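Just so it is clear, the structure is predicted and the values come from calculations on it, not from any experiment.
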Amino acid sequence: MPTISMFYGLIIRMYYAPKEHNPPHVHVYYQNQTAVVNFEGEVTEGTLSARHLKLVQAWIEIHKDELQANWNLCQNGEKPFKVESLK
């Protein structure tokens with residue numbers, strides 16, 4: 001699972017297996033916390049502090065088109081590209 005972005009200690013990854021389960025989402029890692037966050041900014045698995053979730057939600061909102069393009073690549077088993085970090 002490649003890392004597509006890193007910022008403020010958060011590591012954002014996306015699987016690129018054909019037919020990865022919907023809805024479109026990213027995997028977020030921060031120290032001992034892990035979460036799956038969909039493109040609507042909702043945590044669907046795991047836990048993430050409210051502070052870090054807000055950062056991830058802002059990043060998703062800014063890069064939603066790029067994330068969707070990455071998701072489409074992943075659905076075809078292609079490696080996703082890097083997405084700019086939150087600044």
Side-chain angles (χ1 to χ4, degrees):
M1 178 170 38
T3 298
I4 61 170
S5 194
M6 290 189 298
F7 51 91
Y8 301 110
L10 295 155
I11 298 170
I12 313 291
R13 294 182 171 154
M14 189 178 281
Y15 281 114
Y16 66 103
K19 306 302 178 198
E20 170 69 6
H21 65 93
N22 280 306
H25 61 276
V26 292
H27 297 258
V28 182
Y29 300 85
Y30 180 78
Q31 295 179 352
N32 63 343
Q33 299 175 21
T34 62
V36 174
V37 181
N38 66 25
F39 290 0
E40 300 306 314
E42 303 163 334
V43 174
T44 59
E45 290 179 35
T47 59
L48 199 58
S49 71
R51 176 177 169 249
H52 291 104
L53 178 57
K54 286 180 184 181
L55 291 170
V56 172
Q57 289 168 331
W59 177 80
I60 288 172
E61 187 62 34
I62 292 166
H63 299 288
K64 196 173 265 190
D65 290 340
E66 294 165 88
L67 292 170
Q68 187 61 56
N70 263 346
W71 184 260
N72 294 339
L73 287 172
C74 291
Q75 290 296 295
N76 293 321
E78 299 176 49
K79 186 176 179 180
F81 53 85
K82 300 278 186 191
V83 177
E84 186 175 345
S85 300
L86 190 62
K87 295 180 180 179

Handout entry: Residues that M6 engages under side-chain contact (heavy atoms from CB on, under 4.5 Å), provided they are two or more places apart
Key = T3, I11

Handout entry: Reported CG-to-NE2 distance for the pair N70 and H63, which is rounded to 0.5 angstrom
Key = 11.5 Å

Fill in the blank from the handout: Hits for side-chain hydrogen bond (donor to acceptor under 3.5 Å, both in side chains) against S85, two or more places apart or cross-chain, chain-then-number order -> none

Practice task
Scan for salt bridge (charged side-chain N to carboxylate O under 4.0 Å, His left out) pairs involving residues 47-56, sequence neighbours excluded, and state none if there are none.
Solution key: none

Problem - Pairwise salt bridge (charged side-chain N to carboxylate O under 4.0 Å, His left out) hits with a residue in residues 39-50, at least two apart - result: E40-K64

Problem - Qualifying residues under ring pair (Phe, Tyr, Trp, His ring centres under 6.0 Å), relative to F7, sequence neighbours excluded - result: W59

Exercise for the section: Decide yes or no for P24 and Q68: does some side-chain heavy atom of the first lie under 4.5 Å from some side-chain heavy atom of the second? Expected result: yes

Problem - side chain to side chain contact (heavy atoms under 4.5 Å, CB included) between F81 and L73, worked out - result: CA-CA 9 Å; F81 53 85; L73 287 172; 3.8 Å; yes

Fill in the blank from the handout: In short, T47 meets A35 closest at the heavy-atom pair O-CB, 3.8 Å

Practice task
Over all heavy atoms of both residues, which pair between G41 and I60 is shortest? Give the atoms and the distance, please.
Solution key: CA-CD1, 4.5 Å

Handout entry: Between CD1 on residue I4 and CG on residue L67, distance to nearest 0.5 Å
Key = 5.5 Å

Problem - The single option from V83, V37, V28 passing side-chain contact (heavy atoms from CB on, under 4.5 Å) against I12 - result: V28

Problem - Y8: partners by side-chain contact (heavy atoms from CB on, under 4.5 Å), with sequence neighbours left out - result: L55, L86

Practice task
Step by step, work out the side chain to side chain contact (heavy atoms under 4.5 Å, CB included) result for W71 and N22.
Solution key: CA-CA 10 Å; W71 184 260; N22 280 306; 3.5 Å; yes

Handout entry: Under the side-chain contact (heavy atoms from CB on, under 4.5 Å) test, residues paired with T44 that sit two or more places apart
Key = V36, N38

Exercise for the section: Mind running side chain to side chain contact (heavy atoms under 4.5 Å, CB included) on Y29 and L10 for me, showing each step along the way? Expected result: CA-CA 6 Å; Y29 300 85; L10 295 155; over 6 Å; no

Exercise for the section: Take Y15 and H27, measure what ring pair (Phe, Tyr, Trp, His ring centres under 6.0 Å) needs, and give me the verdict at the end. Expected result: CA-CA 8 Å; Y15 281 114; H27 297 258; 4.7 Å; yes

Problem - Set of side-chain hydrogen bond (donor to acceptor under 3.5 Å, both in side chains) partners for S49, sequence neighbours left out - result: H52

Problem - All pairs passing salt bridge (charged side-chain N to carboxylate O under 4.0 Å, His left out) where residues 65-85 contributes a residue, at least two apart - result: E84-K87

